[in-house]
Amino acid sequence: MALSWYQCKNCGTSIKKDSSPSSSGCSAKTFHSWTKLAEVGDTNYSCKKCGTTIQAKSSPSSSGCPDATFHSWTKL
């Protein structure tokens, strides 16, 4: 299975994992609310709204920004 980036829209934590992470242990709410952002790759992307930076194969999902309704990704 491919390694992907996941981000919790409640606490903003971003992790790389090959499947959806556990929902327990969120520091901001009772449970994490994970959004799959993109498959891990070599291109850097940064969200102008929350400051998250990831390395992805293609433009990440705009869903699940912890600081706004949608991520606003910029290719670095």
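All values derive from a computational prediction rather than experimental measurement. Below, each value reflects all heavy atoms present in this structure, side chains not excepted, and no hydrogens, waters or symmetry copies.
- The shortest heavy-atom contact between Ser58 and Ala38 is O-CB, 4.2 Å.
- With rounding to the nearest 0.5 Å, the separation of OG1 in Thr74 from NZ in Lys49 is 10.5 Å.
- No more than 12 heavy atoms of other residues, nucleotides or ligands shown are found within 6.0 angstrom of CG on Asp42.
- Here the closest heavy-atom approach between residue Asn10 and residue Cys26 is recorded as CB-SG, 3.8 Å.
- Among residues at least two apart or in separate chains, side-chain hydrogen bond (donor to acceptor under 3.5 Å, both in side chains) pairs with a member in residues 22-36 are Ser22-Ser24.
- With hydrophobic clusters built from ILVMFWY side chains whose heavy atoms lie under 4.5 angstrom apart, Tyr45 shares a cluster with Leu3.
- A continuous path of ILVMFWY side-chain contacts below 4.5 Å connects Val40 to Leu37, so both sit in one hydrophobic cluster.
- Nearest heavy-atom pair across Gln55 and Trp5 is O-NE1, 2.8 Å.
- Asn44 contributes no side-chain N or O that, together with a main-chain N or O of Thr53, makes up a donor-acceptor pair within less than 3.5 Å.
- Of the candidates Lys48, Gln7, Lys9, Gln7 is the only one forming a side-chain hydrogen bond (donor to acceptor under 3.5 Å, both in side chains) with His71.
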